[in-house]
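The structure appears right after this line, and notes come after that.
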Amino acid sequence: MALNGKIAVVTGAALGIGKAITEILLQNGAKVVLLDVNDNAGTSLKESLDKQHGRERTLFLNCDVESEEQLKVAFQKTVQTFGGVDILCNNAGILDEGAWEKTVSINLVGVIKVTYLALELMNKLNGGRGGVIVNIASMAGLGPFECCPVYTATKHGVVGFTQAMAAASTASGYGIRFNALCPGLVQTDLFTHMIDRLGQFSHLADIIAKPAEKGALNVSEVAECFLELVTDATKNGEALMVTPSFKKYRTFPPLNQ
Ligand SMILES: NC(=O)C1=CN([C@@H]2O[C@H](COP(=O)(O)OP(=O)(O)OC[C@H]3O[C@@H](n4cnc5c(N)ncnc54)[C@H](O)[C@@H]3O)[C@@H](O)[C@H]2O)C=CC1
Ligand SMILES: CCCCCC(=O)CC\C=C/C=C/C=C/[C@@H](O)[C@@H](O)CCCC(=O)O
């Protein structure tokens, strides 16, 4: 998929991985709608992107992925401003074992809410143009990460939802590819603050030491993997793992045979 002129929506776009994904989309010619709850970071990123790429290339909207109402308004404004959606990146996420219901609400329910609203616009069966949806899961979506069981559960949910939606899309003719990106540790605020966010599992924080020995990815390495999942039209239902030591596609058993 060539990105020139395509319209992308990125959740949690103001900082960290979402910011790097926004930047790589702009560098490759897309227009980007940035959704985030952090108004200061979003507004200041928008100002800086205006200088680099021109005001008409981006739209920043203060929008919480937990709020169906705010999401509906955000998609309406996206259509009014840019005329549709071709690419969605469900990136917004938190790690907070002490606020586990909020973690489920943002990391998993939020991904499903945003996806279903985007589907109404993107689905070829409803007159949409099709496109691609990339969900930012985690290595914790593929195996047990004992210091954060609820975070782990949400990311397993994201991987499962992505794969089932990919199969549903193929079987139904939505014209939308769905892929999950599963990074290991990445240098962002989420990683920096994780030690204070493990709640009743803080005594297991040392589990990070092993993967941390291998270093942490920088956000632009994650954005490059995102770009691969968006542009490679053969990728659907994939879970791409990336750590400082390797990058590979995970295989899963098909359940329909
Ligand atoms: N940092 C890491 O080591 C890894 C992170 N991830 C995942 O990558 C994604 C991005 O994480 P980071 O960039 O590290 O985090 P971050 O904390 O640096 O940035 C997250 C962004 O999401 C926004 N956000 C949070 N809640 C939101 C909500 N309810 N609605 C809209 N925006 C919201 C924040 O304001 C912030 O701008 C998350 O889904 C995370 O689980 C996956 C693997 C590793
Ligand atoms: C508690 C901090 C969480 C930060 C947010 C994350 O999502 C981090 C990702 C979670 C775990 C990462 C583990 C990485 C492990 C790799 O270095 C490697 O050891 C795994 C090898 C697996 C394989 O070979 O298949």
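For ligands, and for the atoms within them, numbers begin at 1 and follow the listed sequence. Only heavy atoms go into these numbers, but all of them, side chains included; no hydrogens, no water, no symmetry mates.
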Original post:
Can you tell me which residue and heavy atom of the protein come closest to atom 40 (C) of ligand 1, and the distance to 0.1 Å?
Top reply: Tyr151 OH, 3.6 Å
**OP:** Quick one: look up the protein heavy atom nearest atom 22 (O) of ligand 1 and list residue, atom name and how far away it is.
**Re:** Gly12 CA, 3.3 Å
Original post:
Counting from 1, what ligand 1 atoms have a heavy atom of Cys63 closer than 4.0 Å?
Top reply: 30 (N), 31 (C)
**OP:** Give a yes-or-no answer on whether the side chains of Thr103 and Asp96 include a donor-acceptor pair shorter than 3.5 Å.
**Re:** no
**OP:** Would you mind checking which non-hydrogen protein atom is closest to atom 37 (O) of ligand 1, with the distance to 0.1 Å?
**Re:** Asp36 OD2, 2.7 Å
**OP:** For Asn91 and ligand 1, answer yes if some heavy atom of the residue is under 4.0 Å from a ligand atom, otherwise no.
**Re:** yes
Subject >> Top protein contact for atom 28 (C) of ligand 1, by heavy-atom distance >> reply: Asp64 OD1, 3.7 Å
Subject >> Close approach of Gly184 to ligand 1, heavy atoms, under 4.0 angstrom >> reply: yes
**OP:** Could you see which bit of Gln187 sits under 4.0 Å from ligand 1, with heavy atoms only: side chain, backbone, both or neither?
**Re:** neither
**OP:** Between Ile106 and ligand 1, find which residue part has any heavy-atom pair under 4.0 Å and reply side chain, backbone, both or neither.
**Re:** side chain
What are the distances between nitrogen or oxygen atoms of ligand 2 and protein nitrogen or oxygen atoms, counting only those under 3.5 Å?
residue: ligand 2; atom: 7 (O); partner: Ser138; partner atom: OG; Å: 2.6
residue: ligand 2; atom: 7 (O); partner: Tyr151; partner atom: OH; Å: 2.7
residue: ligand 2; atom: 19 (O); partner: Lys214; partner atom: NZ; Å: 2.8

**OP:** Can you sort out which atoms of ligand 1 are near Gly93, meaning under 4.0 Å from one of its heavy atoms?
**Re:** 38 (C), 39 (O)
Original post:
Should Ala41 be listed as contacting ligand 1, given a heavy-atom distance under 4.0 Å as the test?
Top reply: no
